[in-house]
Amino acid sequence: MKVETNPDKGYYILKVPRSNRAAVADLMAYRGLTFSTAASSSNEAVLFTPNPYALADLAGPECVELAPYRRQIEASRATEGVGTFRLPPGKELWDYQKASLDYVLKRGGGIVGDEPGLGKTPISIAFCNEKEASRVLVIVPASLRIQWAERIREWSTIPKVKIATMLKVKDGIHPTANFQVMSYDAARNPSIIRAISKSKWDVLICDEAHKMKNMEALTTRAILGNGKGEYNHGEIKMPAIASYCRHKLALTGTPLLNRPSEAFTLIRHFDHEAIDFIGWDDFKARYNKQADMTTIDGKRFKLESTSLELELQNRLRVNVMARHLKRDVMTQLKVPRFSVVRCEENRAVSGALEVEGLLGLEIDEIQTTKDFEILGHIAEARRLMGEALAPQIAEYARDFLEGSVEKLVIFGWHISVLDIFEEELSRFGTARVDGRKSAQ
């Protein structure tokens with residue numbers, strides 16, 4: 001395939017073998033190209049468009065008009081970069097992480113859309129280091145608050161960095177902490193927004209930012225606001241959280257999770273010009289057509305279709321988003337890789353810990369005893385702890401599954417714990433294997 005330009009008429013031309021009908025159909029559906037009946041022959045299909053985003057990633061160096069777009073797309077998926085020297089001793093970003101950092105540093109913020117598991121958290125903290133940020137607001141799923149605090153301690157270059165982790169709304173906003181970590185649920189609380197408004201924040205980091213996919217949701221409006229950056233809800237009218245922050249980063253492994261329309265709020269906020277300033281209805285009509293339908297028995301449903309996905313992805317890459325796929329950077333990863341997710345010591349966990357304490361056993365006794373009565377008590381304490389932790393683990397699993405197209409395996413020891421997982425995660429579809437299943 002070769003991209004050509006027609007400067008006089010202001011459009012771009014793509015020629016492909018006509019025998020490959022599937023390729024021609026995909027180019028028209030996912031890029032918005034128009035088939036030219038007059039210019040095409042029996043052997044060659046000629047497609048054209050006035051839209052530079054439709055063909056920017058396919059254009060070669062000979063296509064001068066699309067060169068600026070192509071360079072930005074290449075920067076978005078680059079696997080090597082400069083990064084930053086502002087890292088703690090012994091810490092270093094992988095090459096593709098450096099490239100993502102270069103991308104958002106050049107723009108003063110943006111979307112880091114690397115696939116799940118590629119390490120977006122260190123990139124965002126390194127961004128804060130390079131910007132010498134001393135006041136950072138971090139909004140994350142509740143299940144990741146403690147984990148984020150640990151990553152900040154590992155990667156921040158602020159001496160004796162002060163981190164405030166809001167586990168309950170009554171904890172409030174710390175007036176002097178370098179990093180304030182809070183949940184999405186807390187972010188929509190008007191009193192919390194007012195407390196945030198009393199400070200000027202150097203950086204706002206929104207992890208798992210696809211949680212703001214619904215522009216009508218209170219959380220989305222509270223953090224990003226409407227087109228004017230305002231949060232209006234009933235009698236509540238105030239600037240949205242983002243308006244108090246100088247630089248903004250959105251982290252999401254699935255920027256186009258289930259349908260293109262879910263990316264609208266992030267694109268509008270970070271660079272509305274990237275989508276030609278179109279509104280919600282026009283965006284949805286262009287990228288995510290929907291029609292109200294009725295079944296034979298009278299049930300109403302919405303029929304959705306996606307279009308121009310590759311054109312939209314080019315718009316994102318050129319203007320606001322760095323994104324890497326695992327298959328493209330796998331050689332840089334050191335395996336095995338894992339991360340420890342900390343659970344909160346809530347009332348249920350504290351109760352289970354009290355039961356363990358009542359046993360009065362040292363760790364050596366727990367590991368070596370053969371006393372059946374003691375073993376029974378240990379098993380009961382472990383079951384109580386498993387049941388206490390299971391809801392938090394299920395919450396983490398929900399956040400993972402909502403922000404990923406990958407699958408998840410959860411191991412458990414007790415039937416009652418597996419029951420909790422199965423019930424909490426039923427809407428995602430579960431397949432369960434336990435001791436009641438036959439070997440076959």
Side-chain angles (χ1 to χ4, degrees), residues 111-121 124 138-148 150-151 181-188 205-220 223 250-266 288 302 304 306 309 313 321 323-327 330 333 336-344 346 386-434:
I111 302 171
V112 180
D114 293 346
E115 278 193 324
L118 293 185
K120 294 181 286 294
T121 303
S124 62
V138 184
I139 304 178
V140 304
S143 62
L144 297 179
R145 288 172 295 185
I146 297 175
Q147 185 176 349
W148 255 90
E150 292 189 347
R151 296 294 85 77
V181 183
M182 59 187 289
S183 70
Y184 279 97
D185 288 338
R188 66 189 185 197
I205 300 173
C206 294
D207 193 12
E208 306 294 345
H210 50 267
K211 285 187 170 293
M212 297 183 289
K213 62 188 178 184
N214 183 354
M215 63 181 297
E216 297 299 328
L218 287 180
T219 301
T220 305
I223 298 172
L251 314 181
T252 172
T254 49
L256 302 176
L257 186 56
N258 294 315
R259 49 186 67 89
S261 60
E262 293 176 348
F264 176 77
T265 53
L266 290 179
N288 197 177
K302 192 174 291 290
E304 298 189 51
T306 60
E309 290 183 49
Q313 187 171 138
M321 181 185 74
R323 178 165 170 80
H324 296 96
L325 307 180
K326 286 182 179 177
R327 66 171 181 265
M330 193 62 71
L333 304 181
R337 294 183 60 244
F338 68 91
S339 60
V340 177
V341 180
R342 305 291 182 188
C343 292
E344 298 174 21
N346 56 23
E387 292 175 355
L389 291 173
Q392 292 190 52
I393 296 166
E395 182 179 15
Y396 173 83
R398 281 195 298 272
D399 290 331
F400 175 90
L401 292 168
E402 287 174 351
S404 173
V405 294
E406 297 184 6
K407 301 185 188 303
L408 181 65
V409 179
I410 303 178
F411 293 92
W413 189 263
H414 299 89
I415 292 293
S416 59
V417 173
L418 295 178
D419 290 340
I420 295 173
F421 293 149
E422 190 169 32
E423 180 179 356
E424 293 286 334
L425 304 173
S426 60
R427 68 184 175 91
F428 297 100
T430 58
R432 177 170 172 173
V433 179
D434 58 31

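The first residue of the sequence shown is numbered 1, and numbering continues consecutively from there.
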* Asked: What pairs with Phe264 under ring-ring contact (aromatic ring centres under 6.0 Å, His included), at least two apart in sequence or on another chain?
  -> Trp280, Phe283

* Asked: In a check of side chain to side chain contact (heavy atoms under 4.5 Å, CB included) between Tyr184 and each of Leu218, Thr219, Asp399, which one passes?
  -> Thr219

* To do: Identify which one of Thr254, Val140, Leu144 satisfies the side chain to side chain contact (heavy atoms under 4.5 Å, CB included) criterion when paired with Glu208.
  => Leu144

* Lys326 (side chain) donor-acceptor with Asp114 (main chain) under 3.5 angstrom -> no

* To do: Kindly determine whether Gln392 and Glu344 satisfy side chain to side chain contact (heavy atoms under 4.5 Å, CB included), including the steps that lead there.
  => CA-CA 8 Å; Gln392 292 190 52; Glu344 298 174 21; 3.7 Å; yes

[X] to [Y] - nearest heavy-atom pair and separation:
X: Pro391; Y: Ile420; answer: N-CG2, 4.4 Å
X: Pro141; Y: Lys211; answer: CG-CE, 3.6 Å
X: Met215; Y: Thr265; answer: CB-CG2, 3.2 Å
X: His324; Y: Leu118; answer: O-CD1, 3.5 Å
X: Ala394; Y: Leu425; answer: O-CD2, 3.7 Å

Hey, could you give me the [atom1]/[atom2] distance between [X] and [Y], rounded to the nearest 0.5 Å?
X: Leu418; Y: Phe411; atom1: CG; atom2: CZ; value: 11.0 Å
X: Tyr396; Y: Ile410; atom1: OH; atom2: CD1; value: 10.0 Å
X: Ile139; Y: Arg188; atom1: CD1; atom2: CZ; value: 12.5 Å
X: Arg151; Y: Asp207; atom1: CZ; atom2: CG; value: 12.0 Å
X: Leu266; Y: Thr220; atom1: CG; atom2: OG1; value: 8.5 Å

* Residues, nucleotides or ligands: over 12 heavy atoms within 6.0 Å of Glu423 CD -> no

* Structure fact -> Applying side-chain hydrogen bond (donor to acceptor under 3.5 Å, both in side chains) to Arg323 and not counting sequence neighbours gives none

Going by heavy atoms in the side chains, are [X] and [Y] under 4.5 Å from each other?
X: Arg327; Y: Glu115; answer: no
X: Ser124; Y: Leu251; answer: yes
X: Thr252; Y: Ile111; answer: yes
X: Glu424; Y: Arg398; answer: yes
X: Thr121; Y: Gln147; answer: no

* Test side-chain hydrogen bond (donor to acceptor under 3.5 Å, both in side chains) on Glu395 and Ser143 and set out the steps. => CA-CA 6 Å; Glu395 182 179 15; Ser143 62; 5.5 Å; no

* To do: Apply salt bridge (Lys or Arg N to Asp or Glu O under 4.0 Å) to Asp419 and list each qualifying residue two or more places apart in sequence or on a separate chain.
  => Arg432

